[in-house]
Amino acid sequence: MKQDLHQKPDLLVYPVGRYNEVSPKVAKESGYKLALTTKPGLANAEQGLYELHRQRVVPDMTQEAFAKLLQP
């Protein structure tokens, strides 16, 4: 992306959510500011900036279902 679009991304999303104990270190060393996993749940500081959880949002999701995802 840096070379083709002349932009340096700050966020990494692990491909298919696959990562291991080395991945966060490599992400940080590569200059990313944070990285997302596919672990379900809301992101929080305890997860660290390179293993943040996230909620899966699908195209046909209702507003009510989306609101439920945001509940702690």
Side-chain angles (χ1 to χ4, degrees):
M1 287 184 69
K2 184 177 179 182
Q3 183 178 17
D4 293 340
L5 301 177
H6 307 288
Q7 296 180 5
K8 185 172 186 294
D10 293 327
L11 168 69
L12 173 67
V13 179
Y14 297 116
V16 195
R18 292 186 180 149
Y19 71 104
N20 60 32
E21 63 278 348
V22 176
S23 303
K25 181 181 177 191
V26 172
K28 184 176 182 178
E29 289 172 353
S30 297
Y32 291 101
K33 295 190 178 120
L34 55 102
L36 301 174
T37 70
T38 54
K39 290 182 180 178
L42 298 176
N44 63 56
E46 291 83 37
Q47 296 159 2
L49 292 177
Y50 298 95
E51 294 185 65
L52 293 169
H53 297 189
R54 63 183 172 149
Q55 294 291 20
R56 186 176 300 261
V57 177
V58 295
D60 61 344
M61 183 175 280
T62 65
Q63 279 187 309
E64 293 79 17
F66 179 71
K68 285 181 183 178
L69 288 179
L70 302 179
Q71 300 299 317

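Since this is a predicted model, take the numbers as computed values, not measurements.
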### Query
Could you walk me through whether Leu42 and His53 pass the side chain to side chain contact (heavy atoms under 4.5 Å, CB included) check?
CA-CA 6 Å; Leu42 298 176; His53 297 189; over 6 Å; no
### Message
For Ala43, is there any backbone N or O sitting under 3.5 Å from a side-chain donor or acceptor partner on Arg54?
### Response
no
### Task
Just jot down the side chain to side chain contact (heavy atoms under 4.5 Å, CB included) partners of Asp10, sequence neighbours excluded, or say none.
Lys33
### Query
Which pairs count as ring-ring contact (aromatic ring centres under 6.0 Å, His included) when at least one residue sits in residues 21-50, sequence neighbours excluded?
none
### Task
Mind checking side-chain hydrogen bond (donor to acceptor under 3.5 Å, both in side chains) for Thr38 and listing every partner two or more places apart, or none if nothing turns up?
none
### Task
State which residues pass side chain to side chain contact (heavy atoms under 4.5 Å, CB included) with Asn44; sequence neighbours excluded, sorted by chain then number.
Glu46, Gln47
### Query
Partners of Tyr19 by ring pair (Phe, Tyr, Trp, His ring centres under 6.0 Å), sequence neighbours excluded?
Tyr14
Check: residues 60-72 side-chain donor-acceptor pairs under 3.5 Å, at least two apart:
unit_1, atom_1, unit_2, atom_2, d
Thr62, OG1, Ala65, N, 3.0
Gln71, NE2, Ala67, O, 3.4

### Task
Flag yes if Val26 and Leu12 sit in one hydrophobic cluster, no otherwise; membership is Ile, Leu, Val, Met, Phe, Trp, Tyr, and two members link when side-chain heavy atoms are under 4.5 Å apart.
no
